[in-house]
Amino acid sequence: MAAVSISSSPITQVSQHAPVNTSLQPQLLTRLLLDLRGRRFSVDRETIMNLPESVLLCLFPNGLVLSRQSQAFSDGGENEEDDEVYGVDFDPECFAYVLDFFRNASDTFYGTNTSPGLFAAQQHLLDGSPSDFGPSVSQNPLLTKQAIIVLREELEYFAIPPKEGRALTDEHGTANQALLDIKHKCGQNVMEKRNIFTALQRNVHKENNIAEQHLIDMLCMSGFNRDDEWGFRAMEPSRCCISSIALVLLKTGIVHHPPGQNGERPVTIDYNQMATAQKLLLFWRKPARKCWWDGLEVDLAVPGEPSIPVKLWARRVWTLELSLV
């Protein structure tokens with residue numbers, strides 16, 4: 001059988017260094033235009049990447065691609081990114097609350113064009129001895145980043161109306177108006193209970209759950225107060241569900257004192273508080289979840305009317321994580 005020369009081979013005739021069509025390479029988006037239930041937000045890529053993991057999962061449950069897959073269909077215009085709108089089923093007021101909190105926290109820590117931030121005053125802490133924070137001070141992100149505790153609650157409630165009442169369902173399981181009214185009033189009743197730890201503390205007393213008490217104590221040592229309320233709380237449309245979120249700055253133990261006579265601002269460290277804060281690093285990019293059932297009996301009667309007792313069951317799901325910006 002005659003050998004085939006390399007020059008005549010149909011395989012080797014194809015150039016091994018074919019030019020790459022750069023127009024088909026992914027192009028990173030610098031900003032995203034999001035449509036949250038009719039309200040639009042223009043957010044830069046870095047801000048999106050700094051958001052809590054649990055919030056990103058709610059915004060983009062199927063994942064988010066931060067680049068154009070191809071420029072083959074672009075017209076090369078300067079504002080072509082503005083034409084790509086991502087529809088997101090998320091409460092716009094909640095999103096605005098998160099954006100504002102993270103922006104203010106970042107400005108306070110890193111400073112702005114008109115005022116220096118806390119980071120500039122504590123940079124000398126990076127020169128501390130290795131024994132202060134373990135093997136290496138430079139490996140402690142709490143010295144170089146602003147830490148934010150993120151606590152979210154997804155609450156689904158189920159109302160059990162009185163048997164002798166007019167709240168019923170038809171043969172197809174569709175609720176009548178009386179039952180819908182009871183569900184709405186139950187939701188409003190739960191909405192008004194804005195204290196963060198009341199329900200969990202009630203469960204601690206009922207079940208004598210030491211782990212849950214330790215969770216409350218840890219959060220209150222790290223930035224929360226026992227009488228704190230949710231920063232944002234709202235009912236989801238067309239659902240018996242209430243979404244809540246609270247954001248607080250992590251207490252790292254780094255204390256910035258008022259300026260002295262020479263204008264310098266001394267910075268000291270509470271090492272016990274820093275040790276407590278470092279425990280929260282376990283939740284950095286690793287959200288932890290807790291679920292429990294909470295039973296209540298509420299009276300939906302208005303003043304002057306007969307009592308309307310309704311049994312209310314709530315399934316609460318807490319998500320705890322730490323964000324660094």
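The basis for the numbers below is simple: all heavy atoms, side chains too, and nothing from hydrogens, waters or symmetry mates. Positions are given from 1 along the sequence.
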Trainee: Return yes when atom CZ of Arg315 has more than 12 non-hydrogen atoms of other residues, nucleotides or ligands closer than 6.0 Å, and no otherwise.
Mentor: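 It does not: Arg315 CZ has 12 such atoms or fewer within range.
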Trainee: Looking only at heavy atoms, which two atoms of Trp318 and Phe197 are closest? And how far apart?
Mentor: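 For Trp318 versus Phe197, the nearest heavy atoms are CH2-CD2, 3.9 Å.
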Trainee: Quick check for you: to the nearest 0.5 Å, what is the distance between Ser323 atom OG and Gln146 atom CD?
Mentor: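 Separation between the atoms: 11.0 Å.
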Trainee: Using every non-hydrogen atom in the two residues, find where Glu53 and Arg285 come nearest and quote the distance to one decimal.
Mentor: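 Scanning both residues completely, I find the closest heavy atoms to be CG-CA, 3.9 Å.
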Trainee: Decide, yes or no, whether a salt bridge links Arg226 with Asp217 under the criterion of side-chain N to carboxylate O below 4.0 Å.
Mentor: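 Yes, Arg226 and Asp217 are salt-bridged.
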Trainee: So do the side chains of Val150 and Leu320 get within less than 4.5 Å of each other, counting heavy atoms only?
Mentor: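 Answer no - side chains too far apart.
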Trainee: Classify the side-chain pair Asn50/Thr47 by whether it contains a donor and acceptor separated by less than 3.5 Å.
Mentor: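 No pair is found: no donor N or O on one side chain lies under 3.5 Å from an acceptor on the other.
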Trainee: Does Asn203 reach the side chain of Asp294, with side-chain heavy atoms less than 4.5 Å apart?
Mentor: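 SC-SC contact between Asn203 and Asp294 ruled out.
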Trainee: Is it the case that Lys286 places NZ or CZ above or below the six-membered ring of Trp284, under 6.0 angstrom from the centre and within 45 degrees of the axis?
Mentor: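 No cation-pi geometry.
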Trainee: So do the side chains of Leu324 and Ile148 get within less than 4.5 Å of each other, counting heavy atoms only?
Mentor: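 Side chain of Leu324 against side chain of Ile148, heavy atoms only: no contact under 4.5 Å found.
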Trainee: Tell me, do Val55 and Cys58 make a side-chain contact under 4.5 Å, heavy atoms counted?
Mentor: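 Heavy-atom side-chain distance check fails, nothing below 4.5 Å.
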Trainee: To the nearest 0.5 Å, what is the distance between CH2 (Trp293) and CH2 (Trp313)?
Mentor: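 That separation rounds to 8.5 Å.
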Trainee: Give, for atom CG of Leu32 and atom CD1 of Ile48, the distance between the pair rounded to the nearest 0.5 Å.
Mentor: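 Leu32 CG to Ile48 CD1: 5.5 Å, rounded to 0.5 Å.
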Trainee: State plainly whether the residues Arg316 and Glu156 are in salt-bridge range, i.e. N to O under 4.0 Å.
Mentor: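 No.
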Trainee: Test side chain to side chain contact (heavy atoms under 4.5 Å, CB included) on Leu34 and Phe60 and set out the steps.
Mentor: CA-CA 11 Å; Leu34 307 178; Phe60 313 106; 4.0 Å; yes
Trainee: Could you check whether any side-chain N or O of Gln122 sits under 3.5 Å from a backbone N or O of Leu143, counting only pairs where one atom can act as donor and the other as acceptor?
Mentor: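 Such a contact is found between Gln122 side chain and Leu143 backbone.
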Trainee: Might you point out which heavy atoms bring Cys220 and Asn225 nearest each other, and give the distance in Å?
Mentor: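 So the two residues come closest at SG-C, 4.1 Å.
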Trainee: Dump the intermediate steps for side chain to side chain contact (heavy atoms under 4.5 Å, CB included) on Tyr110 and Lys145, then the final yes or no.
Mentor: CA-CA 9 Å; Tyr110 295 106; Lys145 298 287 187 180; 3.4 Å; yes
Trainee: Report yes or no: does Glu321 contribute a side-chain atom to a donor-acceptor pair with the main-chain N or O of Ser54 at less than 3.5 Å?
Mentor: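 Yes, because the side chain of Glu321 sits within donor-acceptor range (under 3.5 Å) of the backbone of Ser54.
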Trainee: To the nearest 0.5 Å, what is the distance between CG (Leu155) and CE (Met191)?
Mentor: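 If we round to the nearest 0.5 Å, Leu155:CG and Met191:CE are 11.0 Å apart.
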Trainee: Would you say that more than 12 heavy atoms from the other residues, nucleotides or ligands in this model lie under 6.0 Å from the NZ of Lys311, or not?
Mentor: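 It does: Lys311 NZ has more than 12 such atoms within range.
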Trainee: I'd like to know if Val298 and Ile308 are part of one continuous hydrophobic network [Ile/Leu/Val/Met/Phe/Trp/Tyr, side-chain heavy atoms within less than 4.5 Å].
Mentor: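 They do share one cluster, since a chain of ILVMFWY contacts under 4.5 Å joins Ile308 to Val298.
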Trainee: For Met221, does the CE atom have more than 12 heavy-atom neighbours from other residues, nucleotides or ligands under 6.0 Å away?
Mentor: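 No - once you tally the heavy atoms of other residues, nucleotides and ligands closer than 6.0 Å, there are 12 at most.
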Trainee: Under 3.5 Å, is there a donor on one side chain and an acceptor on the other for Ser307 and Asp299?
Mentor: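 Present: a donor and an acceptor within the cut-off.
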Trainee: Give the ring-plane orientation class for Phe119 versus Phe109, where under 30° counts as parallel, over 60° as perpendicular and anything between as tilted.
Mentor: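 Taking Phe109 first and then Phe119, their aromatic rings sit tilted (interplane angle of 30° to 60°).
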Trainee: Tell me, do Ile254 and Thr268 make a side-chain contact under 4.5 Å, heavy atoms counted?
Mentor: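 Result no, sub-4.5 Å side-chain heavy-atom pair not found.
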Trainee: Near Glu46 CD, under 6.0 Å, is it more than 12 heavy atoms from other residues, nucleotides or ligands?
Mentor: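 Not buried by this count: 12 neighbours or fewer within 6.0 Å.
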Trainee: Please check if Leu59 and Leu247 belong to a single hydrophobic cluster, counting links between Ile, Leu, Val, Met, Phe, Trp and Tyr side chain heavy atoms closer than 4.5 Å.
Mentor: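 Same cluster.
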Trainee: Just by distance, with hydrogens left out, do Gln213 and Gln201 show a side-chain donor and acceptor under 3.5 Å apart?
Mentor: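 Yes, a side-chain donor-acceptor pair sits under 3.5 Å.
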Trainee: Flag yes if Tyr271 and Leu280 sit in one hydrophobic cluster, no otherwise; membership is Ile, Leu, Val, Met, Phe, Trp, Tyr, and two members link when side-chain heavy atoms are under 4.5 Å apart.
Mentor: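 Tyr271 and Leu280: one cluster.
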Trainee: Restricting to non-hydrogen atoms, name the atom on Pro306 and the atom on Ala301 that form the minimum distance, rounded to 0.1 Å.
Mentor: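 For Pro306 and Ala301, the tightest heavy-atom pair comes out as O-CB, 3.0 Å.
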Trainee: Can you give me the closest heavy-atom contact between Phe283 and Ala288, atom names plus distance?
Mentor: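 So the two residues come closest at CE2-CB, 3.5 Å.
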Trainee: Before giving the answer on side chain to side chain contact (heavy atoms under 4.5 Å, CB included), spell out for Leu296 and Asn189 the whole-Å C-alpha distance, their side-chain angles and the decisive distance to 0.1 Å.
Mentor: CA-CA 11 Å; Leu296 294 171; Asn189 184 282; 5.9 Å; no
Trainee: Please say yes or no: joined through hydrophobic side-chain contacts below 4.5 Å, possibly via intermediate residues, are Leu179 and Leu300 part of one cluster?
Mentor: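 No, Leu179 does not connect to Leu300 through the hydrophobic network.
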Trainee: For the backbone of Trp230 and the side chain of Arg194, can you confirm whether one donor and one acceptor N or O come within less than 3.5 Å of each other?
Mentor: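 Pair found, side chain donor or acceptor close to backbone of Trp230.
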Trainee: Are the charged groups of Glu236 and Arg37 less than 4.0 angstrom apart, N to O?
Mentor: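 The answer is yes: the pair qualifies as a salt bridge.
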Trainee: Taking atom NE2 as the centre, does His257 end up with more than 12 heavy-atom neighbours from other residues, nucleotides or ligands that are less than 6.0 angstrom away?
Mentor: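 Counting other residues, nucleotides and ligands, NE2 of His257 exceeds 12 neighbours.
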Trainee: Decide whether Arg31 and Ser42 meet the rule of one side-chain donor and one side-chain acceptor closer than 3.5 Å.
Mentor: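 The answer is yes; a qualifying pair exists.
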Trainee: In terms of hydrophobic clustering (I, L, V, M, F, W, Y; side-chain heavy atoms under 4.5 Å; direct or indirect links), are Ile245 and Leu99 co-clustered?
Mentor: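 Yes.
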Trainee: Do Asp270 and Thr252 have side chains that get closer than 4.5 Å, going by heavy atoms?
Mentor: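 The answer is no; the side chains never approach within 4.5 Å.
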Trainee: Do Phe224 and Leu151 touch side chain to side chain, with heavy atoms closer than 4.5 Å?
Mentor: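 Yes, at least one pair of side-chain atoms sits under 4.5 Å.
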Trainee: Check step by step if side chain to side chain contact (heavy atoms under 4.5 Å, CB included) holds for Tyr157 and Cys241.
Mentor: CA-CA 6 Å; Tyr157 63 91; Cys241 181; over 6 Å; no
Trainee: Working to the nearest 0.5 Å, report the span between CG of Leu281 and CG of Leu322.
Mentor: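 Answer rounded to 0.5 Å: 6.0 Å.
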Trainee: Looking at Leu142 and Met274, what are the two nearest heavy atoms and their distance?
Mentor: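 Residues Leu142 and Met274, closest heavy atoms: CD1-SD, 3.8 Å.
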Trainee: Nearest 0.5 angstrom please: Ser244 OG to Glu153 CD, how far?
Mentor: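 The distance works out to 5.0 Å.
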Trainee: With no hydrogens and no angle check, do the side chains of Glu154 and Ser243 hold a donor and an acceptor under 3.5 Å apart?
Mentor: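 Checked: Glu154/Ser243 side chains pair up, N/O donor to acceptor below 3.5 Å.
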Trainee: Is there side-chain contact between Ser222 and Lys251, with at least one heavy-atom pair below 4.5 Å?
Mentor: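 Sidechains of Lys251 and Ser222: no contact.
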Trainee: Within the distance-only criterion (no hydrogens, no angle test), does the side chain of Thr108 pair as donor or acceptor with the backbone N or O of Asn104 below 3.5 angstrom?
Mentor: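 Yes: the side chain of Thr108 pairs with the backbone of Asn104.
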Trainee: Could you tell me whether a side-chain N or O of Arg45 sits under 3.5 Å from a main-chain N or O of Leu29, the two making a donor and an acceptor?
Mentor: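 Pair found, side chain donor or acceptor close to backbone of Leu29.
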